[in-house]
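One-based numbering, in listed order, for ligands and for the atoms of each. For this chain, numbers begin at 1 and follow the sequence in order.
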Amino acid sequence: MLIRINVLLALIIGSGLLSLGIIYCLRSNNGTPKQEFQLSNNKEFQLFGSAESEFNINLINKLKNDLAIANEKIEQLESKMQGFDERIRKPYPNVKYLNYRSKKRILVTGGAGFVGSHLVDRLMKDGHDITVVDNFFTGVKANVEQWIGHANFELIHQDIVNPLFVEVDEIYHLASPASPPHYMFNPVKTIKTNTIGTINMLGLAKRVGAKVLIASTSEVYGDPEVHPQPETYWGHVNPIGPRACYDEGKRVSETLSYAYAKHEKVSVRVARIFNTHGPRMHMNDGRVVSNFILQALRNEPITVYGRGNQTRSFQYVSDLVNGLIALMDSNYTQPVNLGNPTEHTINEFAVIIKGLVGGKSKVITTPAVEDDPQRRKPDITRAMTYLNWKPKVGLKEGLKMTIDYFKQEIKKSQKNV
Ligand SMILES: O=c1ccn([C@@H]2O[C@H](COP(=O)(O)OP(=O)(O)O[C@H]3OC[C@@H](O)[C@H](O)[C@H]3O)[C@@H](O)[C@H]2O)c(=O)[nH]1
């Protein structure tokens with residue numbers, strides 16, 4: 001009897017403990033009990049189950065919401081960090097050490113422009129002391145920002161139509177708008193830059209005894225009747241046409257150079273630069289290379305002016321920079337053509353660019369521009385003979401680098417929208 005009572009008590013206590021254990025487990029599942037229940041009551045147990053799943057759904061939704069807010073905050077932080085990254089000074093590119101005997105003080109007019117800034121990069125890396133003067137009409141500070149603050153570098157915001165007083169050993173006189181829409185934008189200003197500006201630079205060269213290199217152009221040949229164009233060809237320029245401000249401006253610039261050379265004993269070099277392309281061309285440049293690349297990248301029509309049978313020969317900017325430095329360093333004082341003799345019609349050029357960029361652009365023709373030179377190709381015998389120079393970068397190879405540059409520029413401008 002006593003044993004039976006003990007067994008019964010043990011069963012009651014055991015089942016009680018078991019129930020308590022289950023309740024505890026279910027409660028502690030989420031930390032707080034949501035519903036009272038009894039194991040024996042099936043209905044109440046189901047009620048607890050639906051409340052629990054509703055709780056879980058709410059919890060998941062809340063977590064999802066928290067995650068979305070966190071993602072948004074991370075994105076905001078990332079873009080802020082990018083801003084900081086851009087503001088943090090990048091280390092200067094490597095610069096050669098030159099002792100005081102081999103280090104030259106060099107002035108580059110138009111040094112913040114497309115060609116000028118590439119020349120500045122080379123001269124800086126070679127270890128020279130560089131002063132850039134630019135009025136920022138077509139040049140941009142970003143082109144030389146990698147040198148700002150460097151001990152060998154100085155940037156002067158000035159228009160060379162006003163005299164400049166600096167002490168230098170060499171002057172690369174590149175300042176002038178070079179793209180037809182830019183030089184036609186203010187023809188009188190273009191003439192002043194190429195006449196008064198050039199007089200100022202030649203006068204400076206005379207005063208300090210510096211060598212001066214004048215950036216002239218293939219446009220001194222006008223719409224040429226001789227093909228390809230050797231430096232001995234005198235050209236075919238319309239003196240009152242829309243291009244005259246640049247063509248005649250550069251011709252006067254050359255005339256002034258040889259007048260100073262002959263009468264003032266200034267050491268001059270004259271580079272006749274043919275069509276050039278590369279990174280840092282202005283997005284708004286308006287010349288054929290940048291126009292066609294941007295049109296192809298944006299899937300806009302590629303605009304060929306006139307019938308498109310006119311020809312041009314394009315060189316990559318690094319080849320030009322090599323040629324300019326070789327000319328300055330040489331003893332050769334007559335004009336020298338610097339260009340790539342690979343010649344294409346503008347129609348062919350449109351197809352080449354479209355092929356490299358891809359996309360859906362159509363090639364369309366628009367009215368021809370007045371006095372557009374019909375054929376242009378440099379004879380580079382002089383450069384090869386006296387400078388041991390010839391272009392190294394092929395058309396497609398160079399264009400790919402120019403295209404990559406414009407892709408990056410488009411990306412940057414989209415980021416700010
Ligand atoms: O969108 C365009 C732009 C230009 N073109 C044509 O492409 C050819 C080249 O024109 P660009 O404007 O690039 O340059 P241009 O050859 O006329 O002048 C250049 O010559 C040599 C340099 O000294 C100068 O940079 C610039 O004056 C021209 O026949 C022009 O009519 C187009 O068909 N479509």
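- A heavy-atom cutoff of 4.0 Å around ligand 1 is satisfied by the protein residues Ala178, Pro180, Tyr183, Thr217, Ser218, Glu219, Arg243, Tyr246, Ile273, Asn275, Arg287, Val288, Asn291, Phe292, Thr303, Val304, Tyr305, Gln310, Arg312, Ile346, Val369, Asp372, Arg376.
- Residue pairs meeting the ring pair (Phe, Tyr, Trp, His ring centres under 6.0 Å) criterion with at least one member in residues 256-280, sequence neighbours excluded: His277-Tyr316.
- Around the CG atom of Asn99, the shell of radius 6.0 Å holds more than 12 heavy atoms that belong to other residues, nucleotides or ligands.
- Within 6.0 Å of the CG atom in Asn162, the count of heavy atoms belonging to other residues, nucleotides or ligands exceeds 12.
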Could you pull out every donor-acceptor pair under 3.5 Å between side chains of residues 129-137 and any protein atom, sequence neighbours left out?
unit_1	atom_1	unit_2	atom_2	d
Asp134	OD1	Phe136	N	2.8
Asp134	OD2	Ala112	N	2.9
Asn135	OD1	Phe137	N	2.9
Asn135	ND2	Asp159	OD2	3.3

Donor-acceptor pairs under 3.5 Å, side chain of residues 236-250 to any protein atom, not counting sequence neighbours: which ones?
unit_1	atom_1	unit_2	atom_2	d
His236	ND1	Asp223	O	2.7
Asn238	OD1	Ile240	N	3.0
Asn238	OD1	Gly241	N	3.3
Asn238	ND2	Asp371	OD2	3.0
Arg243	NE	Tyr183	OH	3.4
Arg243	NE	Glu219	OE1	3.1
Arg243	NH2	Glu219	OE1	3.4
Arg243	NH2	Glu219	OE2	3.0
Glu248	OE1	Arg251	NE	3.4
Lys250	NZ	Asn194	OD1	3.2
Lys250	NZ	Ala215	O	2.8

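- In this structure a side-chain-to-backbone donor-acceptor pair under 3.5 Å is present from Thr345 to Glu348.
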